[in-house]
**Student:** 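My questions all concern the structure below.
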Amino acid sequence: DQPTLAALAVKGWTRNWEKEKQQAAPVTPGMISILWRDAKAARNPEQETAAAVNTIAFLALLRGGNLVPRGHTPFDPDRQMRQRDLTFHATHATLTVRVEKNDQRKSQPRQIHLFRTIDDTCPYAILARQLARNPDKNPEAPLFQQQDGSPFRREQATNALRRAAAAAA
């Protein structure tokens, strides 16, 4: 006894119509600082990875989907960052972004250069620590991993960002 496609569409439309729309607050440097402060205080690898994902997304102007998979969807090496997509140079780290949601022409991969800085949120140092902490060293493995080597999930990064936003308010 399956519902019809029209019935499912109406149900989805009703569900979205009844929700109160909330505008997402922009990520700020203060929120990134709170993420790192909390991660360092907790000495928790998961919090550090969440802070790393959010910091790199913020500094490189990337969507979460470019870095980590959502929910229970499998890691897609064509969409999310692999360890081999990161290259270190003397003054900067380079991330190679292969697929972007807003790239209508499906152009060539884009190189993003993240330079060394002297502050706590230095992207070069963040990426170096992340790579060293990853249990799975395979170049095709996710750049952002959990302690068991599985891909870090976007919801984990988003939840950490929500906590930082609440603390910043």
Side-chain angles (χ1 to χ4, degrees), residues 19-77 79-89 91-97 100-102 110-169:
K19 276 186 188 175
E20 185 177 328
K21 302 292 183 203
Q22 287 185 332
Q23 180 66 33
V27 178
T28 65
M31 290 165 64
I32 298 297
S33 294
I34 290 169
L35 284 171
W36 283 105
R37 181 198 67 200
D38 292 351
K40 287 178 182 174
R43 296 181 184 263
N44 180 331
E46 184 177 306
Q47 279 185 284
E48 249 191 71
T49 302
V53 168
N54 285 305
T55 303
I56 299 305
F58 177 74
L59 295 174
L61 301 175
L62 291 171
R63 297 172 183 266
N66 292 115
L67 300 173
V68 292
R70 177 179 296 207
H72 295 290
T73 58
F75 174 73
D76 182 351
R79 293 193 173 277
Q80 285 97 34
M81 292 285 164
R82 300 168 292 185
Q83 292 184 107
R84 78 175 179 130
D85 295 326
L86 173 62
T87 309
F88 289 100
H89 308 278
T91 59
H92 66 281
T94 302
L95 285 174
T96 302
V97 181
E100 293 186 83
K101 181 178 179 180
N102 57 354
R110 183 168 62 113
Q111 304 281 312
I112 299 174
H113 304 292
L114 297 165
F115 290 86
R116 284 181 182 231
T117 63
I118 58 170
D119 60 3
D120 289 341
T121 57
C122 170
Y124 188 100
I126 289 168
L127 290 167
R129 279 194 310 268
Q130 185 62 45
L131 206 56
R133 187 174 46 246
N134 285 346
D136 186 348
K137 303 297 185 191
N138 182 340
E140 296 300 317
L143 176 57
F144 297 99
Q145 299 175 21
Q146 299 189 60
Q147 287 181 300
D148 64 0
S150 64
F152 198 77
R153 298 292 170 181
R154 196 173 341 169
E155 290 76 12
Q156 294 168 284
T158 304
N159 290 339
L161 200 55
R162 283 191 184 117
R163 288 189 302 272

**Student:** Which residues pass the salt bridge (charged side-chain N to carboxylate O under 4.0 Å, His left out) test with Arg129, sequence neighbours left out?
**Tutor:** Glu48
**Student:** Without swapping roles, check the side chain of Asn66 against the backbone of Arg63 for a donor-acceptor pair under 3.5 Å.
**Tutor:** yes
**Student:** Side chain to side chain contact (heavy atoms under 4.5 Å, CB included) with Leu59: which residues, sequence neighbours excluded?
**Tutor:** Thr55, Leu114, Pro123
**Student:** Can you name the residues that form a side chain to side chain donor-acceptor pair (under 3.5 Å) with Asn134, not counting sequence neighbours?
**Tutor:** Gln83, Gln130
**Student:** If you look only at distance, which donor and acceptor atoms sit under 3.5 Å apart when one is on a side chain in residues 156-169 and the other is two or more places apart or in another chain?
**Tutor:**
residue : atom : partner : partner atom : Å
Gln156  : OE1  : Arg153  : N            : 2.8
Gln156  : NE2  : Gln146  : OE1          : 3.4
Thr158  : OG1  : Arg154  : O            : 2.9
Asn159  : OD1  : Arg162  : NH1          : 3.3
Asn159  : ND2  : Glu155  : O            : 3.2

**Student:** Between Lys137 (side chain) and Ala132 (backbone), is there a donor-acceptor pair under 3.5 Å?
**Tutor:** yes
**Student:** Once rounded to the nearest 0.5 Å, what's the spacing between atom CD of Gln145 and atom CG of Asn138?
**Tutor:** 9.0 Å
**Student:** Is there a side-chain contact between Asn54 and Val27 in this structure, where contact means two heavy atoms from C-beta onward sitting under 4.5 Å apart?
**Tutor:** no
**Student:** Give, for atom OG1 of Thr121 and atom CG of Leu35, the distance between the pair rounded to the nearest 0.5 Å.
**Tutor:** 10.5 Å
**Student:** Kindly write out the residues that satisfy side chain to side chain donor-acceptor pair (under 3.5 Å) with Thr28, not counting sequence neighbours, or none if the list is empty.
**Tutor:** none
**Student:** Suppose the criterion is ring pair (Phe, Tyr, Trp, His ring centres under 6.0 Å): which pairs have a residue in residues 110-152, not counting sequence neighbours?
**Tutor:** Phe88-Tyr124, His92-His113, His92-Phe115
**Student:** Which atom names give the shortest non-hydrogen contact between Glu46 and Asn44, and what distance separates them?
**Tutor:** N-OD1, 2.7 Å
**Student:** For the atom pair CG (Leu67) and CE (Met81), what is the distance rounded to the nearest 0.5 Å?
**Tutor:** 5.5 Å
**Student:** Can you establish whether the number of heavy atoms outside Asp120 located under 6.0 Å from its atom CG is more than 12?
**Tutor:** no
**Student:** Test of understanding: with side chain to side chain donor-acceptor pair (under 3.5 Å), list the residues that count as partners of Arg84, not counting sequence neighbours.
**Tutor:** Glu140
**Student:** Once rounded to the nearest 0.5 Å, what's the spacing between atom CG of Leu95 and atom CG of Leu143?
**Tutor:** 7.0 Å
**Student:** Of all residues at least two apart in sequence or in a different chain, which pass the side chain to side chain donor-acceptor pair (under 3.5 Å) check with Thr73?
**Tutor:** none
**Student:** Could I get the full list of side chain to side chain contact (heavy atoms under 4.5 Å, CB included) partners for Phe75, not counting sequence neighbours?
**Tutor:** Pro69, Pro77, Gln80, Arg82, Pro142, Pro151
**Student:** Quick one: side chain to side chain contact (heavy atoms under 4.5 Å, CB included) partners of Pro45, sequence neighbours excluded?
**Tutor:** Arg133, Gln147
**Student:** For Asp76, enumerate each residue passing the salt bridge (charged side-chain N to carboxylate O under 4.0 Å, His left out) test, keeping only those at least two apart in sequence or located in another chain.
**Tutor:** Arg79
